[in-house]
Amino acid sequence: MSYHKKNLKEKLVEVAWNICVAESWEKVNMREVAKKARVSNTAFYRHLKNKNDLKAELVRRGFEIINNGKKNLTNNFSGYGAHYIRFGLKYPYIYDLMFGNTDLDISLYPDIEALFDEAFDGVIQGVKNFMPNASDKDVMIKAVNIWASVHGLVGILRRSDLQANKDKRLKWIKNNLEEYLKMTTFK
């Protein structure tokens with residue numbers, strides 16, 4: 001089993017990411033990840049202490065995708081929301097790791113907590129741009145409402161995809177996320 005030690009952790013995370021994206025976190029098995037990465041189980045544990053460390057790496061990578069996408073949107077709040085929703089639709093199992101009921105204690109991974117805060121801070125900043133004279137309390141209330149709405153929309157659209165729902169309204173929303181968010185967020 002040959003590998004370049006410097007890149008092994010990234011390779012292990014990539015293999016686990018691909019399994020999780022295709023099948024779900026429940027299908028990620030550390031032995032299988034090591035096997036697909038063509039390394040020994042011992043080599044795996046030299047780079048990741050346990051399955052929670054691997055899960056943390058996937059969550060970190062998910063937040064980096066969300067937060068990096070935000071940087072390309074320059075003051076396009078509905079674009080940020082649409083990017084976020086598209087992430088949840090494209091990577092449903094990663095999204096579930098990030099926002100679902102998982103046993104990952106993010107307080108053990110302060111950088112992930114910071115990435116989560118960065119994602120939510122994008123919502124707060126977007127609200128402040130649209131409500132410049134609002135109090136901090138009003139901004140926070142609106143930001144939490146938007147955050148909850150976006151997460152709810154991800155769930156509704158995912159469910160409709162799984163059930164092959166032909167509802168024209170949901171199809172329109174999915175195909176016109178930016179417009180939908182402009183219509184519903186600040187009206």
Side-chain angles (χ1 to χ4, degrees), residues 13-28 54-104 106 109 112-131 134 138-187:
V13 171
E14 181 70 25
V15 168
W17 176 273
N18 290 337
I19 293 169
C20 191
V21 166
E23 301 180 57
S24 82
W25 171 250
E26 287 75 28
K27 300 293 183 180
V28 175
L54 181 58
K55 186 185 294 186
E57 290 298 326
L58 300 182
V59 168
R60 184 177 293 110
R61 190 175 194 189
F63 275 116
E64 288 170 353
I65 291 170
I66 287 175
N67 293 336
N68 286 337
K70 176 179 68 175
K71 293 172 186 168
N72 298 330
L73 297 171
T74 56
N75 292 331
N76 183 349
F77 192 43
S78 59
Y80 178 47
H83 168 70
Y84 199 97
I85 292 167
R86 287 185 186 108
F87 174 88
L89 298 175
K90 182 175 182 179
Y91 303 109
Y93 303 121
I94 301 294
Y95 179 90
D96 289 345
L97 278 181
M98 295 166 67
F99 300 109
N101 295 328
T102 69
D103 58 354
L104 183 65
I106 64 168
Y109 305 93
I112 294 175
E113 207 162 2
L115 290 168
F116 179 89
D117 291 345
E118 183 181 340
F120 185 68
D121 288 346
V123 178
I124 292 172
Q125 191 55 51
V127 172
K128 284 181 180 179
N129 290 342
F130 282 97
M131 301 169 57
D138 287 344
V139 167
M140 183 59 69
I141 289 169
K142 186 68 170 178
V144 169
N145 185 34
I146 291 169
W147 185 260
S149 295
V150 165
H151 283 278
L153 191 54
V154 169
I156 290 167
L157 293 175
R158 279 178 59 188
R159 196 170 17 267
S160 73
D161 285 349
L162 290 173
Q163 297 172 350
N165 189 328
K166 305 296 182 205
D167 186 316
K168 290 179 183 178
R169 294 167 294 191
L170 292 178
K171 185 177 180 179
W172 182 87
I173 291 170
K174 186 175 178 182
N175 293 330
N176 299 281
L177 284 170
E178 286 89 349
E179 186 176 346
Y180 172 79
L181 292 171
K182 284 178 189 174
M183 293 168 59
T184 59
T185 304
F186 292 100
K187 199 148 186 153

I want to check something: taking the side chain as every heavy atom from C-beta on, are [X] and [Y] in contact at a cut-off of under 4.5 Å?
X      : Y      : answer
Glu64  : Arg60  : yes
Leu104 : Leu97  : no
Phe63  : Glu118 : no
His151 : Tyr84  : yes
Phe87  : Ile94  : yes
Val28  : Trp25  : yes
Thr184 : Ser149 : no
Met140 : Val144 : yes

> Going through the distances and angles, do Met183 and Asn176 end up as a side-chain contact (heavy atoms from CB on, under 4.5 Å)?
Replying inline: CA-CA 11 Å; Met183 293 168 59; Asn176 299 281; over 6 Å; no
Which heavy atom of [X] sits nearest a heavy atom of [Y], and at what distance?
X      : Y      : result
Ala16  : Leu54  : CB-CD1, 3.7 Å
Cys20  : Tyr93  : O-CD1, 3.1 Å
Ala82  : Leu181 : N-CD1, 3.4 Å
Ile112 : Ile106 : CG2-CG2, 4.0 Å
Val150 : Ile85  : CG1-CG1, 3.6 Å
His83  : Ile65  : NE2-O, 3.3 Å

Between [atom1] of [X] and [atom2] of [Y], what distance do you get to the nearest 0.5 Å?
X      : Y      : atom1 : atom2 : value
Ile19  : Lys27  : CD1   : NZ    : 11.0 Å
Asn67  : Asp117 : CG    : CG    : 10.0 Å
Asp138 : Met131 : CG    : CE    : 5.5 Å
Met98  : Ile66  : CE    : CD1   : 3.5 Å
Leu170 : Asn175 : CG    : CG    : 11.0 Å

> Going through the checks in order, is the side-chain contact (heavy atoms from CB on, under 4.5 Å) test met by Arg61 and Glu14?
Replying inline: CA-CA 10 Å; Arg61 190 175 194 189; Glu14 181 70 25; 2.5 Å; yes
> In terms of side-chain geometry, is the basic nitrogen of Lys182 or Glu179 positioned less than 4.0 Å from the acidic oxygen of its partner?
Replying inline: no
> Can you say whether the rings of Phe77 and Phe130 are parallel (under 30°), tilted (30 to 60°) or perpendicular (over 60°)?
Replying inline: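 Tilted.
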> Where does the angle between the aromatic ring planes of Trp172 and Tyr180 fall among parallel (under 30°), tilted (30 to 60°) and perpendicular (over 60°)?
Replying inline: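 If you compare the ring of Trp172 with that of Tyr180, the planes turn out perpendicular.
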>> Run Gln125 and Asn129 through side-chain hydrogen bond (donor to acceptor under 3.5 Å, both in side chains) and show every step you take.
In response: CA-CA 6 Å; Gln125 191 55 51; Asn129 290 342; 3.2 Å; yes
>> With a 6.0 Å cut-off on the ring centroids, do Tyr91 and Tyr95 count as close?
In response: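 Centroid separation for Tyr91 and Tyr95: 6.0 Å or greater.
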